[in-house]
Peer 1: 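Pasting in a structure now, in structure tokens, and then I'll have a few things to ask.
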Amino acid sequence: MAKQKKKAGKKVSAAGSDMTPIVAAELAGVIYRAKLENRAAKLNISEAEVVADVIHLWRTVREQLYKA
């Protein structure tokens with residue numbers, strides 16, 4: 001039983017340092033704001049283009065985080 005508790009504790013601490021949910025929420029906010037600004041400015045930028053840009057940014061950030 002002690003081994004199971006140690007493993008569970010490690011999973012919790014590893015999950016606590018994972019920034020993925022925070023970054024995902026921030027990127028969702030970026031997409032939402034882009035949609036609102038797009039509509040307000042009456043621009044014709046496709047949602048797919050905005051999402052592709054955000055995904056590219058996320059990959060760049062992720063690469064930089066893993067280098068450190």
Side-chain angles (χ1 to χ4, degrees):
M1 261 206 173
K3 288 183 181 179
Q4 288 178 349
K5 287 183 181 179
K6 282 186 178 180
K7 286 181 182 178
K10 287 181 182 178
K11 288 181 183 178
V12 170
S13 64
S17 63
D18 187 18
M19 296 295 292
T20 304
I22 295 169
V23 174
E26 287 290 329
L27 294 178
V30 168
I31 293 170
Y32 180 73
R33 284 190 304 274
K35 288 166 81 175
L36 290 177
E37 290 173 13
N38 193 9
R39 189 178 308 145
K42 297 182 181 176
L43 299 174
N44 253 348
I45 301 171
S46 70
E47 184 176 341
E49 187 177 343
V50 172
V51 171
D53 287 345
V54 169
I55 290 171
H56 175 71
L57 287 170
W58 163 239
R59 288 181 179 155
T60 303
V61 168
R62 187 179 60 189
E63 288 172 8
Q64 294 299 318
L65 287 173
Y66 287 124
K67 282 183 182 180

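Only this structure's heavy atoms are used, side chains among them; waters, hydrogens and symmetry mates stay out.
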Peer 1: To the nearest 0.5 Å, what is the distance between CG on Leu27 and CG on Asp53?
Peer 2: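 One gets 11.5 Å once the value is rounded to the nearest 0.5 Å.
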Peer 1: Among residues at least two apart in sequence or on other chains, which ones pass side-chain contact (heavy atoms from CB on, under 4.5 Å) with Ile45?
Peer 2: Asn38, Leu43, Glu49, Val50
Peer 1: Give a yes or no on whether Leu57 and Leu65 share a hydrophobic cluster (residues Ile, Leu, Val, Met, Phe, Trp, Tyr; joining criterion: side-chain heavy atoms under 4.5 Å apart).
Peer 2: no
Peer 1: Listed by chain and number, what are the side-chain contact (heavy atoms from CB on, under 4.5 Å) partners of Glu47, not counting sequence neighbours?
Peer 2: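 Glu47: side-chain contact (heavy atoms from CB on, under 4.5 Å) contacts with Lys35, Val51.
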Peer 1: side-chain contact (heavy atoms from CB on, under 4.5 Å) with Thr60: which residues, sequence neighbours excluded?
Peer 2: His56
Peer 1: Remaining members of Tyr32's ILVMFWY cluster at a side-chain heavy-atom cut-off under 4.5 Å?
Peer 2: Leu36
